[in-house]
Amino acid sequence: MASADKNALAMDAKILIVEDEAGLVTALRDRLRKEGYTVSVAKDGLQGLELATQERFDLILLDLMLPGQSGLTVCQKLRHEGSNTPILMLTARRQTMDKVVGLRTGADDYLTKPFKMAELLARIDALLRRAARVAEKEKKNEGHDFGKVHVDLRRTEVTREGRPVQLSAKEFQLLRYFIEHRGTTLSRETLLHEVWGYEATPSTRTVDVHVAWLRQKLEEDAKNPQLIHTVVGLGYKFAE
Ligand code: CA
């Protein structure tokens, strides 16, 4: 991986260390800060839970054996509250069974003490990358707002002024294609090929009919469309 790439990822990543061994905390905190991470420290389970609930972290380094509340309990509670922050559990060598339990409790990975700093950094990097990919994917799938129209592509739901709009499967597929290619002029042939595919009827008139239906359902004034524009002689273009 390019080092610039790694720095970009590290720079805004916030890491919470929940660990009670003072020496290890210092070593971890100093090294992680040197790597460009923003680091916070909690010295027991309760404080860890409190910090993790108050602030948003990109990753939590969670010791298993903690005073107050164990790492497992902290992990369990965070997941129960709906947190999906990556958790890297730190365990002592003998606690093999606990590792398994830890992962079942919702930890994303674990590392056995004593560990090499390079190994820890690699695991952190991998977890942050994975989380970034998931976030990116979710972002792509999230809802879109076009004036009074809201489209949730993931849930295949459309509302207009808060009221649900019923679309046929084909209308929704056409709308999805428009949204994914908004700002681009799309010919009737392209739409027919991409949205109807092999069931394509020979006539591009099908596209016009579906566009007209979509306009009726989505546009404030179907005769003066603000979302699906006609590009004379070329096809259609969805508003940017
Ligand atoms: Ca400990």
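Order of listing sets the numbers, starting from 1, for every ligand and every atom in it. Since this is a predicted model, take the numbers as computed values, not measurements. Both backbone and side-chain heavy atoms feed into the values below; hydrogens, waters and symmetry mates do not.
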Between K77 and E81, is there a salt bridge with N-O shorter than 4.0 Å?
-> no

From the Ca ion (ligand 1) out to just under 3.0 Å, does an N/O/S atom of E21 turn up?
-> no

Minimum-distance N/O/S atom that D20 presents toward the Ca ion (ligand 1) | OD1

Could you tell me whether K113 and E19 make a salt bridge, using a distance below 4.0 angstrom between a side-chain N and a carboxylate O?
-> yes

Would you say D63 has an N, O or S atom lying under 3.0 Å from the Ca ion (ligand 1)?
-> yes

Quick check: are there more than 12 heavy atoms from other residues, nucleotides or ligands sitting under 6.0 Å from CD of E55?
-> yes

State plainly whether the residues D221 and R215 are in salt-bridge range, i.e. N to O under 4.0 Å.
-> no

